[in-house]
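See structure below.
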Amino acid sequence: MTVDISFAVGHDSGACFFDHDTKQFKIIEIDKVLQRKFWRYDTSANYIKNERFFVEIIRDKAVEAGIDLSDVGTVLRGSMKQPDMVIPYFDNRPSQYWGHGALENLCRSLIEEVFNPKEVKFSIGHHRGHVSSTWHQSGFDKAYVLSVDGWGNDTAKGCAFWYIDPDRSGHIERILPDPAVFHSDSHIGGNYQRAGCSFTNKICKASDHDMDICGKIMGAAAFGSMSKKHQDIYKSSSNIHNNFFHTGEWEELIAFLKWYSKYKSYMMRLKERIRKVDLNWNNIFQLTRKTDMTEEEEFNNAWQIQNTFQTKFMKTVISLLPDIKEMNNNLIITGGTGLNVINNAALQDMLDINVFVAGNTNDVGLPFGHMMNHLRQEKVFNIRDKVDITYAGFEIWDKKDLSNHCSERPHRKVNIKDISKMLVEGETIGFINGGHEIGPRALGNRSILCNPSLPEMKDRINDIKKREKYRPFAPICRYEDATKHFDVDPKKMNPKKFQHMTIAARTRARSVDKMPAITHVDGSARLQTVTREQNSVVWDILTETSKFTKSGETLVLLNTSFNVRGKPTLNSFKEAFEVFDNSSLDHVVYWENGVGYDFYK
């Protein structure tokens with residue numbers, strides 16, 4: 001039984017395992033193993049020790065979950081630099097300034113020692129990995145693909161355009177953009193994050209990592225409005241970043257890092273890298289910022305950042321997009337900025353096109369993208385093949401402890417109808433089923449579920465998760481019920497469109513009052529639809545709710561990730577019961593082989 005393995009390193013590190021006998025994929029996200037968001041091994045002086053820790057814990061978790069690693073074929077050690085890459089400083093800067101992971105690959109000898117594979121290879125570049133991953137998850141027969149990230153090792157500006165048409169080519173083909181267009185606007189992903197760090201102090205301080213801020217800006221923006229005071233926020237953020245990437249000057253790199261470093265801990269990590277550089281910080285870059293902004297000012301700033309980002313994103317896409325009718329009006333968005341659900345919806349509506357964004361559009365999807373490229377080369381798959389990895393994660397790590405919890409905690413066995421009845425009656429349920437979702441979105445297998453028609457429900461869930469009150473929650477409904485409650489065009493609906501909670505929709509006016517907990521202040525909702533084929537357990541739970549509602553209608557449920565603020569989605573009983581014991585969550589339900597184990601207080 002030969003198993004191939006692909007790695008992606010950096011933030012959102014992980015590995016993808018492919019069994020050649022069963023043709024099954026399994027994916028490990030290191031964040032969910034360690035319960036630390038955005039962990040990466042190359043951000044300290046101990047990166048060599050951390051690299052070994054990363055590789056060995058991936059191996060141990062795979063073996064613990066039952067993957068046979070006695071016959072490892074190919075290991076893809078991470079991304080390589082591409083011929084069209086234009087980032088010269090990787091070649092002439094001392095490696096210690098960037099850490100071992102700067103080239104996004106692992107040490108060959110370490111891989112050989114730990115896995116004893118038949119061969120070790122580099123994979124494709126960063127953005128091509130994003131494209132490969134999302135394409136095979138889409139339902140499109142052909143499409144243009146836009147990949148936008150903070151950056152990437154196969155593009156100088158963090159943004160690239162591609163097309164995939166199996167009738168014309170069996171490969172992912174890159175469309176080289178006009179450099180003039182990309183010079184000023186292409187770092188839109190990274191600048192969105194940096195502007196958020198600098199101009200939303202209270203929002204930023206409530207975050208455990210600067211990469212968390214982007215999602216919070218989306219939620220806060222709905223409470224703001226146009227403000228002329230910070231019209232140049234985005235420009236201030238982008239100037240030094242674009243100059244740094246344009247010139248590669250070391251002094252500008254230091255200036256950028258100094259400005260960007262929001263937290264003392266990060267500055268401490270930078271200390272050893274920059275301690276020998278004698279520079280006057282105050283004369284390099286000054287960014288005037290009020291530190292005592294009111295909540296209204298912060299929300300207005302969030303609105304400005306979101307809308308500036310959205311405008312620049314639209315300008316870039318529209319400037320570059322060829323005649324999309326050639327690709328049946330299909331556009332795939334991938335890379336980290338694909339998680340901006342407001343942007344995705346606006347682009348879809350403005351251009352009147354079909355948009356697909358995977359739930360693992362961020363770097364979590366890279367191991368799968370690398371693996372699919374390798375398997376296409378080996379003729380195991382071809383460019384037309386589609387693979388759904390929504391729930392390709394591992395079952396909970398401590399599954400073996402179920403019997404211990406059953407002997408120690410009050411519980412009962414329940415069926416689908418029992419679960420539906422509890423939800424209709426207002427109970428909150430932390431639900432665990434099968435493999436975990438790949439990516440940051442909880443899509444029914446590691447979710448907190450509840451009835452959004454109850455007016456107090458949003459506050460209850462915010463209390464359970466210890467989240468900021470301005471942040472919205474998402475609805476989940478059956479695919480066939482979506483048009484009843486949300487303003488979506490039935491002619492353009494398909495089962496993949498809202499499967500991953502990556503495109504915002506408008507709640508219909510008649511449904512807003514019925515679902516106050518999942519309708520944001522601007523009337524939007526981060527909709528997820530589900531078919532029986534995609535997740536039969538969740539679809540059945542939704543269906544059975546109609547037997548307990550007064551109207552006889554099927555409920556739309558509130559669905560949010562089973563975790564607390566600052567933590568990744570959980571994947572163990574231990575973590576689930578920590579939330580359960582320290583919050584007002586009513587139930588933890590573990591579903592296995594047609595039976596629910598309901599732990600209650």
Side-chain angles (χ1 to χ4, degrees), residues 1-10 13-28 58 62 67 69 71-85 103-108 111-112 115-138 140-145 147 152-155 160-176 332 334-335 358 360-361 363-389 392 438:
M1 181 174 66
T2 302
V3 173
D4 289 345
I5 309 170
S6 63
F7 284 94
V9 298
S13 300
C16 176
F17 297 82
F18 177 73
D19 187 318
H20 281 265
D21 287 350
T22 64
K23 299 295 188 288
Q24 295 295 309
F25 296 88
K26 280 293 180 183
I27 298 171
I28 293 181
I58 292 288
I67 294 181
L69 297 179
D71 182 18
V72 176
T74 301
V75 174
L76 305 173
R77 58 190 280 201
S79 299
M80 67 174 181
K81 296 187 291 183
Q82 297 293 297
D84 57 357
M85 167 184 164
L103 298 184
E104 301 190 8
N105 60 81
L106 296 166
C107 174
R108 171 184 288 273
I111 293 292
E112 291 172 338
F115 293 103
N116 190 29
K118 295 181 175 65
E119 64 173 346
V120 180
K121 300 195 304 186
F122 282 114
S123 186
I124 48 180
H126 186 98
H127 282 269
R128 194 176 289 268
H130 276 309
V131 176
S132 176
S133 173
T134 308
W135 161 253
H136 285 286
Q137 296 179 71
S138 77
F140 294 152
D141 56 351
K142 56 184 177 180
Y144 285 114
V145 187
S147 178
N153 65 3
D154 54 346
T155 172
F161 233 111
W162 319 73
Y163 78 85
I164 303 172
D165 183 353
D167 293 331
R168 292 164 58 181
S169 170
H171 306 284
I172 296 170
E173 303 291 349
R174 179 168 176 172
I175 303 170
L176 293 178
I332 294 170
T334 189
N360 41 72
T361 183
D363 287 6
V364 166
L366 287 175
F368 174 69
H370 296 331
M371 180 63 76
M372 286 304 297
N373 181 77
H374 163 67
L375 295 175
R376 289 197 309 270
Q377 293 176 339
E378 297 297 315
K379 310 300 183 185
V380 177
F381 289 93
N382 64 58
I383 197 68
R384 296 180 187 273
D385 288 326
K386 302 300 179 184
V387 180
D388 191 342
I389 62 164
I438 304 304

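Worth knowing before you read on, the calculation uses all heavy atoms, side chains too, and leaves out hydrogens, waters and symmetry mates.
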Audit row: Leu76, Asn373, side-chain contact (heavy atoms from CB on, under 4.5 Å) steps and yes/no: CA-CA 11 Å; Leu76 305 173; Asn373 181 77; over 6 Å; no
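- The closest donor-acceptor contact from the side chain of Arg128 to the backbone of Ile172 lies under 3.5 Å.
- Minimum heavy-atom separation, Cys16 to Met371: O-CE, 3.5 Å.
- How far CD of Gln377 is from OG of Ser123: 8.0 Å, rounded to the nearest 0.5 Å.
- By the 4.5 Å heavy-atom criterion applied to side chains, Ile5 and Ile58 are not counted as neighbours.
- A distance of 9.5 Å separates CD1 in Ile438 from CD1 in Ile28, rounded to the nearest 0.5 Å.
- Side chains of His136 and Asp385: no donor on one and acceptor on the other come within 3.5 Å.
- The line from CG of Asn382 to CZ of Arg376 is 9.5 Å long, rounded to the nearest 0.5 Å.
- Closest approach of Thr74 to Asp4, counting heavy atoms only: N-OD1, 2.9 Å.
- Tyr163 meets the ring pair (Phe, Tyr, Trp, His ring centres under 6.0 Å) test with no other residue; sequence neighbours excluded.
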Derivation of the side-chain hydrogen bond (donor to acceptor under 3.5 Å, both in side chains) call for Ser6 and His370: CA-CA 6 Å; Ser6 63; His370 296 331; over 6 Å; no
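- By the 30° and 60° cut-offs, the orientation of the rings of Phe18 relative to Phe381 is perpendicular.
- Between Ser132 and Gly369, the closest heavy-atom pair is OG-O, 2.9 Å.
- Summarising the geometry, atom OG belonging to Ser13 is positioned 10.0 Å from atom CZ belonging to Phe7; distances are rounded to the nearest 0.5 Å.
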Derivation of the side-chain contact (heavy atoms from CB on, under 4.5 Å) call for Ile27 and Phe368: CA-CA 8 Å; Ile27 298 171; Phe368 174 69; 4.0 Å; yes
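- At distances below 3.5 Å, not a single donor-acceptor pair connects side-chain atoms of Thr134 with backbone N or O atoms of Val131.
- Between the side chain of Arg77 and the backbone N or O of Val120 there is no donor-acceptor pair closer than 3.5 Å.
- Remark: His171 engages no residue in a ring pair (Phe, Tyr, Trp, His ring centres under 6.0 Å) (not counting sequence neighbours).
- Thr361 meets the side chain to side chain contact (heavy atoms under 4.5 Å, CB included) test with Thr334, Leu339, Val357; sequence neighbours excluded.
- In terms of modelled atom types and a separation under 3.5 Å, the side chain of Ser138 and the main chain of Trp135 share a donor-acceptor contact.
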Intermediate values then yes/no, side-chain contact (heavy atoms from CB on, under 4.5 Å), Ile124 and His374: CA-CA 9 Å; Ile124 48 180; His374 163 67; over 6 Å; no
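- Distance check, rounded to the nearest 0.5 Å: CD of Gln24 to CZ of Phe17 gives 15.0 Å.
- A donor-acceptor pair under 3.5 Å is absent between the side-chain atoms of Lys386 and the main chain of Asp141, judged by distance alone.
- Note that the CG atom of Asn360 and the NE2 atom of His130 stand 10.0 Å from one another [nearest 0.5 Å].
- Asp71 pairs by the salt bridge (charged side-chain N to carboxylate O under 4.0 Å, His left out) definition with Lys118, not counting sequence neighbours.
- Considering only heavy atoms from C-beta on, Leu375 comes within 4.5 Å of His20 through its side chain.
- For the pair Gly73 and Pro117, the tightest heavy-atom approach, listed with the atom from each and the gap, is O-CB, 3.5 Å.
- Every residue two or more places apart in sequence or in another chain that forms a side chain to side chain contact (heavy atoms under 4.5 Å, CB included) with Asp19 is listed here: Met1, Asp21, Thr22.
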Stepwise side-chain contact (heavy atoms from CB on, under 4.5 Å) test for Asn116 and Val72: CA-CA 7 Å; Asn116 190 29; Val72 176; over 6 Å; no
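- Taking the ring pair (Phe, Tyr, Trp, His ring centres under 6.0 Å) definition, one finds that Tyr144 meets it with nothing, sequence neighbours left out.
- Ion pairing of Asp167 with Arg384 is present here, as a side-chain N (NZ or NE/NH1/NH2) and a carboxylate O approach within less than 4.0 Å.
- In terms of heavy-atom proximity, Lys23 sits nearest to Val380 at CE-CG1, 4.1 Å.
- Annotation for Leu366 and Ala8: closest pair CB-CB, 3.7 Å, computed over non-hydrogen atoms.
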